[in-house]
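All remarks here apply to the structure that follows.
Numbered from 1 within each chain, the chains take letters A, B, ... in sequence-line order.
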There are 2 protein chains.
Amino acid sequence: MDSFKNTADSSTEEKIKAAARTVFHKKGFAASRTRDIAEEAGINLALLNYYFRSKEKLFVLVMIETLTEFFGSVSVIINNPETTFEEKIEQFAAGYIDLIFREPDIPLFIMSEIRNNPEQLLQKVDIRNTVFNSVFMQQFTEAMQQGKIKDQNFLHFMMNFVGLIVFPFIGKPLLKAISGLTEEQFNMLIEERKKLIPVWIKAMMN
Amino acid sequence: MDSFKNTADSSTEEKIKAAARTVFHKKGFAASRTRDIAEEAGINLALLNYYFRSKEKLFVLVMIETLTEFFGSVSVIINNPETTFEEKIEQFAAGYIDLIFREPDIPLFIMSEIRNNPEQLLQKVDIRNTVFNSVFMQQFTEAMQQGKIKDQNFLHFMMNFVGLIVFPFIGKPLLKAISGLTEEQFNMLIEERKKLIPVWIKAMMN
DNA sequence: GTCTATAACGTGATAGAC
DNA sequence: GTCTATCACGTTATAGAC
């Protein structure tokens, strides 16, 4: 059993996968070249195919990991039975903004690639039950029945909520061009939104 | 002066440009092939290069037209001196949703391509002055000074407003996968938002 | 496992006949 | 102006030495 020689993290395989993440996230599948990924990983092009067989197989792997990470981290917050509806709103907003801060290319990446290949990519990760049947949705329904928030469609609510969080990252290049904001100013603006979004969302619900 | 033989609309040149719009909007620059565009236009590949010299030149042309159309139509609403701030909010929401309804691929297309090439693409269309120095922004500032709305950052306001309008179209593939919505149900939801977004936005401002 | 060299293929672009 | 045929090139993928 000499199976610990190339286990996980710093192995060549992981180096390539990490490089692929970076490149795919930034440029999308079609515009990414395997040469770029190999270079980013500091290895030879042939090695990439040795480990992953093809560009597409590598891409699907990255996509699954990205989706799992992205929706998995929500799932924890959204299905915590210990926190109230309002606490979830605050944790969701702050947690998600932090997550996207670390990898700001993810939202646009996911949206673009899913558009090109909806069924094939989404059936690999069960997103549906992460959101529906969540504790969060139950608490939303309860709050409505108890008259704590006004009658409204959960889908509208989620679109608004996620949109407020994610849209600035998707529109960032445009926003910077229009406003002349520096990177730091943009980051400060986003940081402010952690506190502001819960306030706005509550205002919209009443 | 026999200059009216191939003027504008139904000429071959226009057919190619229209096809290029469709294909580029749907797949982006990198994933679009000139062969696809030629086929969509019902002409031969060689003709595309005869009229437009290269894929990139054709793309830039399409991009400029798209940006001009997209931001030009806002400009009219946003700079109308005859309407109030509240009227502009309603017209902006309804008008923009109608526009995107007709060409739902545009938002994601613009965001993706601008990310890949911010400076080069944006300097061709002066978006900045469309939004800043607009009558809309002046009215926003006035309303704030008069205490009609609470103190807040215009950029936050615009991100929220545009996000509420545009995000559902960007997130559409994901939303449909998560919710199981049909195309018609999705359209109905969006139609509702024409009325709802102004209500929400006003609630957020107070 | 890792490399160099090269094959196989797809795509943008052009030559030249009509 | 429009087509067919073909070139030229970049990119993915593999063969084979080490």
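At least one side-chain heavy atom of Lys194(B) sits under 4.5 Å from a side-chain heavy atom of Asp98(B). Contact annotation: the side chain of His25(A) approaches that of Val62(A) to within less than 4.5 Å [non-hydrogen atoms, C-beta and beyond].
Ring-plane geometry between Phe136(B) and Phe157(B) is classed as tilted, the angle between the planes lying from 30 to 60 degrees on a 0 to 90 degree scale. Using cut-offs of 30° and 60° for the angle between ring planes, the Phe186(A) and Phe169(A) rings count as perpendicular.
Phe29(A) carries Lys55(A) over the face of its six-membered ring, with the cationic atom under 6.0 Å from the centre and within 45° of the normal. Remark: Lys57(A) is not positioned above the aromatic ring of Tyr51(A), lacking an NZ or CZ atom under 6.0 angstrom from the ring centre and at most 45 degrees off the axis.
Near DNA chain D, defined here as any heavy-atom distance below 4.0 Å, the residues from residues 54-63 of chain A are Ser54(A), Lys55(A), listed numerically.
Neither side chain, Lys27(A) nor Ser32(A), offers a donor N or O lying under 3.5 Å from an acceptor on the other.
For Glu87(A), the CD atom sits in a packed shell: over 12 heavy atoms of surrounding residues, nucleotides or ligands are nearer than 6.0 Å.
At a cut-off of 3.5 angstrom, the base of dG10(D) holds no donor-acceptor pair with the side chain of Arg33(A).
For Asn49(A), the side-chain atoms get nearest to dA13(D) when compared with the rest of dG12(C), dA13(D), dT2(D). Closest to the Ala46(B) side chain, of the nucleotides dC3(C), dA13(D), dT14(C), is dT14(C). Across dT2(D), dT11(D), dC3(C), the shortest atom-to-atom separation from the side chain of Asn44(A) is found for dC3(C). Picking from dT11(C), dC3(C), dG1(D) the nucleotide with the shortest atom distance to the side chain of Leu47(A) gives dC3(C). Here the nucleotide nearest the side chain of Tyr50(B), chosen from dG12(C), dC3(C), dT2(D), is dT2(D). Checked against dC3(C), dA13(C), dT2(D), the side chain of Thr12(B) finds its nearest nucleotide in dT2(D).
Look at CG on Leu45(B): it is 11 Å from P on dT14(C), rounded to the nearest Å. Rounded to whole angstrom, the span from the CZ atom of Phe29(A) across to the C1' atom of dT11(D) amounts to 12 Å. dT14(C) atom P lies 14 Å from atom CZ of Arg35(B), rounded to whole Å. Protein atom CZ of Phe52(A) is 12 Å distant from nucleotide atom P of dG1(C), rounded to whole Å. Following rounding to the nearest Å, Tyr51(B) (OH) and dC3(D) (C1') show an atom-to-atom distance of 13 Å.
At a threshold of 4.0 angstrom between heavy atoms, the contacts of Leu48(A) with the nucleic acid are absent. Residue Arg53(A) is in sugar-phosphate contact alone, with no base atom involved, counting any heavy-atom pair closer than 4.0 Å across all strands shown.
Taking side-chain N and O atoms only, Thr34(A) has no distance below 4.0 Å to OP1 or OP2 of dT11(D).
Direction change of the helix axis from one end of the helix from dG1(C)-dC18(D) to dC18(C)-dG1(D) to the other is 10°, with five pairs defining each end axis (rounded to 10°).
Residues Glu192(B) and Lys195(B) are not paired through a salt bridge, judged by the lack of any N-O separation under 4.0 Å between the basic side chain and the carboxylate.
Here the closest non-hydrogen pair linking Tyr96(B) and Ser73(B) is CE1-OG, 4.2 Å.
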